[in-house]
Amino acid sequence: QVQLVESGGGLVQAGGSLRLSCAASGTISSINAMSWYRQAPGKQRELVGTITSGGRTLYADSVKGRFTLSRDNAKNTMYLQMNSLEPEDTAVYYCQLVAVTTQTPQYAYWGQGTQVTVSS
């Protein structure tokens, strides 16, 4: 009932910037928290940051001051602006959102992931 499309990943040099987008579509009644996670090779998936429906944000310590979350509720879209990228930020980034649809109660949905590679 909910489809997530991520975009904006790619290859960038250390110190550079990227902007990820996550667009949700489907029979959505409401979207609560929206989050980005990432998973580096050989490591567990970790939370990068969360933004609530009211715009409140929470970030992992490793990205505070460098990454910024925002969302456009009218477009059901979330953005992750990543600045001052470091090689340690290299990972597959996944969008997750908690939504209620016209047919299902609150549930967490995941995107397919987008690769971010930061070269040194």
Side-chain angles (χ1 to χ4, degrees):
Q1 292 89 354
V2 177
Q3 295 79 43
L4 299 179
V5 177
E6 299 149 333
S7 60
L11 173 64
V12 64
Q13 288 188 331
S17 298
L18 284 174
R19 188 191 193 208
L20 305 184
S21 298
C22 173
S25 62
T27 56
I28 299 169
S29 296
S30 63
I31 298 176
N32 299 321
M34 302 181 79
S35 304
W36 285 99
Y37 286 76
R38 67 185 182 186
Q39 187 167 19
K43 294 186 176 181
Q44 290 188 330
R45 190 172 298 189
E46 63 175 0
L47 176 67
V48 175
T50 297
I51 183 166
T52 68
S53 57
R56 185 174 179 180
T57 55
L58 171 70
Y59 298 98
D61 288 343
S62 58
V63 306
K64 280 181 182 176
R66 301 187 297 122
F67 291 10
T68 302
L69 280 164
S70 60
R71 62 190 280 175
D72 184 335
N73 292 328
K75 296 181 179 180
N76 290 337
T77 300
M78 171 178 63
Y79 305 96
L80 179 66
Q81 178 66 43
M82 305 186 292
N83 298 329
S84 303
L85 282 161
E86 303 168 353
E88 293 74 24
D89 296 317
T90 295
V92 177
Y93 283 69
Y94 296 91
C95 168
Q96 184 217 54
L97 65 83
V98 178
V100 177
T101 74
T102 57
Q103 298 172 323
T104 58
Q106 185 167 283
Y107 187 79
Y109 298 88
W110 290 88
Q112 79 286 355
T114 185
Q115 177 70 46
V116 171
T117 303
V118 184
S119 63
S120 56

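Position 1 is the first residue of the sequence, and the numbers go up from there.
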task = Please lay out, stage by stage, how Trp36 and Ile51 fare under the test side-chain contact (heavy atoms from CB on, under 4.5 Å).
result = CA-CA 9 Å; Trp36 285 99; Ile51 183 166; over 6 Å; no
Heavy-atom donor-acceptor pair, Tyr37 side chain to Trp110 backbone, under 3.5 Å = no
message = On a heavy-atom basis, which atom in Ser53 and which in Ile31 lie closest, and how many Å separate them?
response = CB-O, 3.7 Å
message = How close do Gly9 and Leu20 get, counting heavy atoms only, and between which atoms?
response = N-CD2, 3.5 Å
ask   = Shared ILVMFWY cluster between Phe67 and Val92, side chains joined below 4.5 angstrom?
value = no
query = Which pair of non-hydrogen atoms, one from Thr102 and one from Ser29, has the smallest distance, and what is that distance?
reply = N-OG, 3.5 Å
remark   = The reported gap from CG in Leu47 to CG in Leu58 (rounded to nearest 0.5 angstrom) is 6.5 Å
ask   = In Å and rounded to the nearest 0.5 Å, what is the OG to NZ distance from Ser25 to Lys75?
value = 14.5 Å
request  = Drop me the distance from Gln3's CD to Asn76's CG, to the nearest 0.5 angstrom.
outcome  = 11.5 Å
request  = Could you check if a side-chain atom of Met78 sits within less than 4.5 angstrom of a side-chain atom of Cys95, using non-hydrogen atoms only?
outcome  = yes
message = Looking at every non-hydrogen atom in both residues, tell me the closest pair between Ala24 and Leu4 and how far apart they are.
response = CB-CD2, 3.5 Å
request  = Using modelled atom types only, decide if a donor and an acceptor are shared between the side chain of Thr90 and the backbone of Val118 within a distance under 3.5 Å.
outcome  = yes
Over all atoms of both residues, closest heavy-atom pair of Ser120 and Pro87 = CB-CG, 3.8 Å
request  = Spell out, as yes or no, whether a donor-acceptor pair under 3.5 Å connects the side chain of Arg71 to the backbone of Thr52.
outcome  = yes
key: Minimum heavy-atom distance between Ser84 and Ser17, given as atom pair plus value   = N-OG, 4.4 Å
inquiry  = Is the shortest side-chain heavy-atom distance between Leu80 and Arg38 below 4.5 Å?
reply    = no
request  = Under the side-chain contact (heavy atoms from CB on, under 4.5 Å) rule, what do Tyr93 and Leu18 come out as? Steps first, then yes or no, please.
outcome  = CA-CA 12 Å; Tyr93 283 69; Leu18 284 174; over 6 Å; no
ask   = Do any N or O atoms from the side chain of Gln106 and from the backbone of Val100 form a donor-acceptor pair under 3.5 angstrom?
value = no
message = Can you confirm whether Tyr109 sits close enough to Ile28 that some side-chain heavy atom of one is under 4.5 Å from a side-chain heavy atom of the other?
response = no
task = Could you tell me whether the side chain of Tyr79 reaches within less than 4.5 Å of the side chain of Thr68, counting heavy atoms only?
result = no
key: Evaluation steps, side-chain contact (heavy atoms from CB on, under 4.5 Å), between Met82 and Arg66   = CA-CA 6 Å; Met82 305 186 292; Arg66 301 187 297 122; over 6 Å; no
key: Spacing of CD belonging to Glu6 relative to SG belonging to Cys22, to within rounding of 0.5 Å   = 5.5 Å
inquiry  = With a 4.5 Å cut-off on side-chain heavy atoms, are Tyr107 and Val2 touching?
reply    = no
